[in-house]
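Heads up: the structure comes next, in structure tokens.
No hydrogens, no waters, no symmetry mates; every other heavy atom, side chains included, goes into these values. All of these numbers come straight from a predicted model, not from anything done at the bench.
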Amino acid sequence: MGDPARKAALYDAFARTGKALSNGKRLELLDLLAQGERPVDALAKAAGLNLTTASAHLQTLRQAGLVATRRDGVRIYYRLVGDDVAALYALLRQVAQRHQTDVEPARTAYLGTDEAEEVDREDLLARAQAGGVVVLDVRPAEEYAAGHIPGAVSIPIDELAERIAELPADVEVVAYCRGAYCVLAYDAVRLLHEHDRKAVRLTDGMLEWRLAALPVDSGAAA
């Protein structure tokens with residue numbers, strides 16, 4: 001029947017991963033790290049945390065074996081240890097969406113209730129291959145540089161209002177951001193519609209694109 005103490009130790013080891021995931025801000029940090037490696041100060045700013053709190057959360061994730069670090073001078077950079085961590089995070093969200101009744105109201109309250117058209121990855125690939133669409137990445141520039149959909153144009157959401165003229169007026173725009181629960185693409189499509197531009201959203205984002213093993217380019221915008 002096996003040793004009960006050893007069995008308990010095994011399940012306690014599993015539980016440490018669950019414990020590391022049992023905090024909303026730590027999940028947000030994983031979401032950010034799914035976009036690419038970042039230093040602690042940038043993660044803290046993006047997650048709305050002070051440096052001490054962000055460092056403590058990152059240490060918890062590191063102790064659970066979910067993230068790794070490297071040092072460059074005085075700065076410490078964090079990254080996910082593998083795509084399986086990104087997949088675990090994505091699966092956790094899917095399970096919560098399906099089985100927790102409070103997730104959908106929270107999602108709607110955060111993302112909004114507009115009825116803008118969405119396209120899935122297959123549709124986006126078909127439209128891009130056929131031509132006549134602009135794929136718009138509205139994440140921060142450093143996330144675009146870390147990895148983006150091939151051919152995508154980078155205009156961060158906080159610059160979009162002033163740079164709309166850079167987008168062809170007679171071409172449909174497909175906007176995307178970090179993932180299925182990222183508000184940036186929603187805000188981009190609303191802004192483009194306000195300026196009478198034809199725009200749709202990708203149903204998910206860079207997280208799901210990577211997990212689907214689709215092509216990814218890297219490097220800063222030209």
Side-chain angles (χ1 to χ4, degrees), residues 10-38 43-49 53-68 78-124 137-140 143 146-147 149 157 175-190 200-214 216:
L10 173 61
Y11 279 86
D12 285 343
F14 293 153
R16 281 195 289 276
T17 297
K19 184 177 180 180
L21 297 175
S22 65
N23 179 280
K25 280 299 180 182
R26 288 199 286 272
L27 293 180
E28 187 175 352
L29 290 167
L30 289 180
D31 189 42
L32 292 166
L33 288 170
Q35 308 301 308
E37 182 185 65
R38 288 201 199 187
L43 287 165
K45 181 178 179 181
L49 297 169
T53 302
S55 296
H57 283 313
L58 289 164
Q59 280 300 309
T60 298
L61 293 170
R62 185 171 181 268
Q63 290 163 6
L66 300 175
V67 302
Y78 279 81
R79 67 184 184 278
L80 299 184
V81 295
D83 288 343
D84 53 350
V85 177
L88 174 63
Y89 166 62
L91 180 59
L92 184 153
R93 298 187 317 183
Q94 292 171 13
V95 171
Q97 174 85 37
R98 289 172 186 157
H99 303 293
Q100 288 191 37
T101 57
D102 58 344
V103 170
E104 182 57 27
R107 188 194 74 83
T108 301
Y110 176 53
L111 298 178
T113 57
D114 65 83
E115 297 181 356
E117 181 186 351
E118 293 184 328
V119 299
D120 60 23
R121 290 177 300 238
E122 291 73 18
D123 195 4
L124 172 57
D137 187 318
V138 295
R139 299 173 299 155
E143 295 182 20
I149 294 175
I157 187 62
Y176 76 92
C177 52
R178 292 168 180 148
Y181 299 86
C182 176
V183 75
L184 304 182
Y186 284 76
D187 288 344
V189 169
R190 282 189 280 262
V200 300
R201 285 190 301 268
L202 183 63
T203 53
D204 41 45
M206 203 63 216
L207 169 63
E208 295 84 1
W209 186 274
R210 286 181 183 275
L211 291 175
L214 291 169
V216 174

| field | Derivation and outcome, side chain to side chain contact (heavy atoms under 4.5 Å, CB included), residues Val119 and Glu117 | value | CA-CA 7 Å; Val119 299; Glu117 181 186 351; 4.1 Å; yes

Does the side chain of [X] reach to within under 4.5 Å of the side chain of [Y], using non-hydrogen atoms?
X	Y	answer
Ile149	Val216	no
Leu88	Thr17	yes
Cys177	Gln35	no
Val85	Leu61	no
Leu21	Leu30	yes
Leu66	Leu80	no
Leu49	His57	yes
Leu202	Glu118	no

If I compare all heavy atoms of [X] with all of [Y], which pair ends up nearest, and what's the gap?
X	Y	answer
Pro140	Leu184	CD-CD1, 4.4 Å
Val81	Gly65	CG2-O, 3.3 Å
Arg139	Asp137	NH2-OD2, 2.7 Å
Tyr110	Tyr181	CE2-O, 3.5 Å
Val189	Ala116	CG1-CB, 3.8 Å
Leu29	Ala47	CD2-CB, 4.0 Å

Looking at [atom1] of [X] and [atom2] of [Y], how far apart are the two atoms once the value is rounded to the nearest 0.5 Å?
X	Y	atom1	atom2	answer
Met206	Leu211	CE	CG	10.0 Å
Asp12	Lys19	CG	NZ	10.5 Å
Leu33	Arg26	CG	CZ	13.5 Å
Leu27	Leu92	CG	CG	6.0 Å
Leu207	Leu32	CG	CG	11.5 Å
Arg178	Asp31	CZ	CG	6.5 Å

Carboxylate-amine/guanidinium proximity below 4.0 Å for Arg121 and Asp204:
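Looking at Arg121 and Asp204, the cut-off is met.
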
Relative to Phe14, does Arg16 satisfy both conditions: NZ or CZ under 6.0 angstrom from the six-membered ring centre, and within 45 degrees of the ring's axis?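 No, Arg16 and Phe14 do not form such a contact.
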
Find out whether the Lys NZ or Arg CZ of Arg62 is both under 6.0 angstrom from the six-membered ring centre of Tyr78 and within 45° of the ring's axis.
->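 No - Arg62 does not lie over the ring of Tyr78 by the 6.0 Å and 45° rule.
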
Margin query: Taking atom CG as the centre, does Asp123 end up with more than 12 heavy-atom neighbours from other residues, nucleotides or ligands that are less than 6.0 angstrom away?
Written below: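 Yes, CG of Asp123 has more than 12 neighbouring heavy atoms, counting only those of other groups under 6.0 Å.
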
Does a sphere of radius 6.0 Å around NZ in Lys25 hold more than 12 heavy atoms from other residues, nucleotides or ligands, not counting ones at 6.0 Å or beyond?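 For Lys25, atom NZ is crowded (more than 12 foreign heavy atoms under 6.0 Å).
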
No-hydrogen, no-angle side-chain donor-acceptor test under 3.5 Å, Glu208 and Tyr176
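Judged by distance alone, the side chains do not pair up.
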
Apply side chain to side chain donor-acceptor pair (under 3.5 Å) to the pair Glu104 and Thr108, showing each step before the final yes or no. CA-CA 6 Å; Glu104 182 57 27; Thr108 301; 3.2 Å; yes

